[in-house]
2 protein chains.
Amino acid sequence: MTEKRRRRLPRQVREQQIIDVAVQVFSKRGYHAASVDEIAELAGISKPMVYLYLESKEGLFIACLRREAERLVAAFHGAAAEGELTPELRLRAGLRAFFSFVSEHRDGWVVLHRHAAELSAAIAAESAQARRAVMAEVTALVRTGIEENDGPARLGDEDAEFVAHAIVGAADALTDWMADHPAESPEGMTRRLMNMVWVGMRNVLGGETWTPPPPTPPPDTSPGKG
Amino acid sequence: MTEKRRRRLPRQVREQQIIDVAVQVFSKRGYHAASVDEIAELAGISKPMVYLYLESKEGLFIACLRREAERLVAAFHGAAAEGELTPELRLRAGLRAFFSFVSEHRDGWVVLHRHAAELSAAIAAESAQARRAVMAEVTALVRTGIEENDGPARLGDEDAEFVAHAIVGAADALTDWMADHPAESPEGMTRRLMNMVWVGMRNVLGGETWTPPPPTPPPDTSPGKG
DNA sequence: CAGTAAGTCTACTGTTCGGTAAGAAAGTTG
DNA sequence: CAACTTTCTTACCGAACAGTAGACTTACTG
């Protein structure tokens with residue numbers, strides 16, 4: 001209707017525009033429910049452009065995934081790696097960067113987090129990699145932090161990975177809580193989460209088991225396979 | 001191949017068979033990538049049967065979701081609600097039931113957990129409800145537990161919900177870890193997780209903030225908006 | 001303003017897949 | 001076996017949509 005004569009733009013720019021829109025649409029609809037037609041239309045171009053630049057729908061999604069993952073990992077890594085800080089402070093910085101990223105790039109986060117399951121192997125791999133990258137960093141911080149605090153406790157990788165999974169998973173889920181509490185800042189999120197994990201972590205890694213309190217005897221009513 | 005003359009089965013039975021297969025297929029492929037044809041074939045019947053009994057693809061998925069959610073919530077609730085146990089023990093029992101459920105119904109868990117994002121509003125609602133049900137229970141346990149241990153600390157719902165989100169999110173993520181460590185029992189998972197959360201929880205709720213250790217000053221190098 | 005390359009479009013194809021119409025076989029009851 | 005119900009099938013429709021062919025349009029270069 002409005003005969004908007006499309007300005008021609010260099011490929012690099014157009015490509016980013018397409019990815020920008022695609023992130024929004026994928027975030028809103030999910031991979032399969034999103035149509036390339038819609039993405040093209042919202043991007044202000046026609047479908048063949050998308051295919052010319054991004055090869056396929058899968059290629060487009062991977063491009064989205066990759067860009068957002070790079071941003072997230074860079075944000076976390078950049079924050080957590082800085083200087084000679086202690087592991088605590090580095091983990092705190094990383095978490096703060098993470099929550100800030102989610103605040104500011106919600107669509108990107110949704111694409112990374114929620115829509116990577118039911119996809120092709122290539123996509124799933126791409127998606128898993130970002131999480132693994134973060135997980136590896138957190139694991140390292142956990143291991144280092146414990147060793148520094150409690151001496152080389154000769155921990156299995158297992159233990160550090162367990163804690164890292166818990167922390168990353170908690171952070172994941174807390175993005176929902178954060179969405180319901182817009183007043184809470186990334187800093188506040190971080191402080192709260194650090195309060196929870198940094199103490200409890202030692203408990204797991206130190207080998208001190210959480211002992212069920214004595215008052216009532218533990219339920220021994222498990223009959224068959226425990 | 002084997003010209004298996006299909007035995008006619010009463011609707012109730014057939015319906016459950018279809019749902020059984022559908023859970024597997026949805027778990028493996030995801031909602032959109034799963035085809036009703038495949039589900040019908042694996043169930044050993046033809047497609048119109050699926051539509052006759054389950055109305056639509058969405059109806060089929062919701063049936064899956066509902067059944068698995070009921071099982072999971074029942075498992076958690078049944079374990080966590082038993083007797084006059086303390087909140088700690090009840091949370092422990094709930095977590096153990098949860099990890100057991102995931103061990104034994106991996107497909108159901110995958111359907112519930114990973115494939116509920118990119119779906120219609122009806123499906124998303126159904127899926128969110130299961131999580132909310134568990135979240136509500138955990139929140140209650142957290143609140144009660146703290147009050148019993150530290151007196152009525154006059155906590156906002158906010159705080160208990162934060163902790164509950166962290167716990168549930170950690171448990172979610174730890175199912176991945178558990179998948180990589182088949183030797184770890186649900187009991188072991190539970191013990192480890194309890195170690196982490198039950199101590200740290202108090203820290204959050206008690207209002208004692210985690211103070212960044214003094215050795216190195218906190219990074220004040222944040223220039224613009226933090 | 002011709003020549004050329006990059007950007008862009010309209011209009012189409014082929015396929016996959018959700019959903020259905022119409023009726024056949026199997027069981028049940030006289 | 002005839003009437004009837006429930007289970008089940010073959011064979012199809014129509015829409016949505018990923019992907020493409022080929023032409024057109026703008027902009028830069030000499």
Side-chain angles (χ1 to χ4, degrees), chain A residues 1-22 24-26 28-65 115 118-123, chain B residues 1-22 24-26 28-65 115 118-123:
Chain A
M1 302 308 132
T2 57
E3 306 213 358
K4 208 184 234 169
R5 197 71 109 268
R6 266 106 191 202
R7 265 259 304 288
R8 297 161 75 105
L9 294 175
R11 171 169 182 156
Q12 200 184 342
V13 176
R14 205 49 114 188
E15 217 170 303
Q16 290 303 310
Q17 284 184 350
I18 295 171
I19 293 175
D20 286 339
V21 171
Q24 290 174 236
V25 174
F26 282 133
K28 188 174 172 189
R29 303 223 190 282
Y31 179 74
H32 280 94
S35 80
V36 178
D37 285 283
E38 180 181 4
I39 292 169
E41 182 170 343
L42 287 181
I45 51 161
S46 67
K47 193 162 54 157
M49 292 300 296
V50 177
Y51 283 88
L52 180 63
Y53 290 162
L54 279 312
E55 291 294 314
S56 65
K57 186 183 185 182
E58 183 172 311
L60 171 59
F61 189 79
I62 289 180
C64 293
L65 217 46
H115 298 305
E118 68 174 87
L119 311 169
S120 68
I123 293 178
Chain B
M1 301 288 174
T2 57
E3 305 214 357
K4 211 183 230 165
R5 197 72 107 267
R6 267 105 191 204
R7 264 258 306 288
R8 297 164 71 106
L9 293 175
R11 169 169 184 156
Q12 200 185 339
V13 175
R14 206 47 113 185
E15 216 169 304
Q16 290 304 311
Q17 285 184 347
I18 295 172
I19 293 176
D20 286 339
V21 170
Q24 291 174 236
V25 175
F26 281 134
K28 189 174 171 189
R29 304 223 189 282
Y31 179 74
H32 281 95
S35 80
V36 179
D37 286 281
E38 179 181 6
I39 291 169
E41 182 170 343
L42 286 181
I45 52 161
S46 66
K47 193 162 57 161
M49 292 300 295
V50 178
Y51 284 89
L52 180 63
Y53 290 161
L54 279 312
E55 291 294 315
S56 65
K57 185 183 185 182
E58 181 172 313
L60 171 59
F61 189 79
I62 288 180
C64 293
L65 218 46
H115 299 304
E118 67 175 86
L119 311 169
S120 68
I123 293 178

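All values derive from a computational prediction rather than experimental measurement. In what follows, chains are A, B, ... by sequence order, proteins preceding strands, each numbered from 1.
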**Q** From the list dT10(D), dG19(D), dT20(C), which nucleotide is the closest neighbour of the side chain of S46(B)?
**A**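 That would be dT10(D).
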**Q** Send over the distance from M49(B) CE to dG18(C) P, rounded to a whole Å.
**A**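 Spelled out: CE on M49(B) to P on dG18(C) is 18 Å.
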**Q** Please confirm whether the shortest side-chain N or O distance from R14(B) to OP1 or OP2 of dC8(D) is below 4.0 Å.
**A**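 Checking R14(B) against dC8(D): at least one side-chain N or O falls below 4.0 Å of OP1 or OP2.
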**Q** Expressed as a whole number of angstroms, how long is the span from E15(B):CD to dT6(D):P?
**A**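 Result: 15 Å.
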**Q** Roughly how far, to the nearest 0.5 Å, is the CD1 atom of I19(A) from the CG atom of L65(A)?
**A**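 Between atom CG of L65(A) and atom CD1 of I19(A) there are 11.0 Å.
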**Q** Rounded to the nearest 0.5 Å, what separation is found between the CZ atom of R29(A) and the CD atom of Q24(A)?
**A**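 The distance works out to 11.5 Å.
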**Q** Between dT7(D) atom P and Q17(B) atom CD, what is the distance in whole Å?
**A**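 Going from Q17(B) (CD) to dT7(D) (P), I get 13 Å.
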**Q** Rounded off to whole Å, could you give me the CZ-to-C1' distance for the R29(B) and dC17(C) pair?
**A**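 Going from CZ in R29(B) over to C1' in dC17(C) covers 14 Å.
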**Q** With sugar-phosphate meaning primed atoms plus P, OP1 and OP2, does A34(A) contact a base, only sugar-phosphate, or nothing at under 4.0 Å between heavy atoms?
**A**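 Touches sugar-phosphate only.
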**Q** Could you state the NE2-P distance from H32(B) to dA16(D), rounded to the nearest angstrom?
**A**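 The distance from NE2 of H32(B) to P of dA16(D) comes to 13 Å, rounded to the nearest Å.
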**Q** Rounded to whole angstrom units, what separation is found between the NZ atom of K47(A) and the P atom of dG7(C)?
**A**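 In whole Å, dG7(C) P lies 21 Å from K47(A) NZ.
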**Q** Atom CG of L9(B) to atom P of dT7(D): distance rounded to whole Å?
**A**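 After rounding, the gap between these two atoms is 10 Å.
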**Q** Is the Lys NZ or Arg CZ of K57(A) less than 6.0 Å from the centre of F26(A)'s six-membered ring, within 45° of the axis?
**A**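 No; the conditions do not both hold, so K57(A) does not lie above the ring face of F26(A).
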**Q** Tell me what P48(A) touches on the nucleic acid: a base, only sugar-phosphate, or nothing, going by heavy atoms under 4.0 Å.
**A**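 Answer is base: heavy atoms of P48(A) come under 4.0 Å of a base.
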**Q** When we call it a touch if two heavy atoms are under 4.0 Å apart, what does L52(A) touch: a base, just sugar-phosphate, or nothing?
**A**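 Base contact - L52(A) has a heavy atom under 4.0 Å of at least one base atom.
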**Q** How close or far is atom C1' of dA25(C) from atom CD1 of I45(B), stated in whole angstroms?
**A**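 Result: 16 Å.
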**Q** Of the options dG19(D), dT7(D), dG7(C), whose atoms approach the side-chain atoms of R11(B) most closely?
**A**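 Of the options given, the side chain of R11(B) lies nearest dT7(D).
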**Q** Nearest 0.5 angstrom please: E41(B) CD to S35(B) OG, how far?
**A**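 The distance works out to 9.0 Å.
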**Q** When you compare the side chain of Q17(A) with that of R14(A), does any pair of heavy atoms fall below 4.5 Å?
**A**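 SC-SC contact between R14(A) and Q17(A) confirmed.
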**Q** Are any of R8(A)'s side-chain N or O atoms less than 4.0 Å away from OP1 or OP2 of dC28(D)?
**A**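 Looking at the OP1 and OP2 atoms of dC28(D), neither is under 4.0 Å from any side-chain N or O of R8(A).
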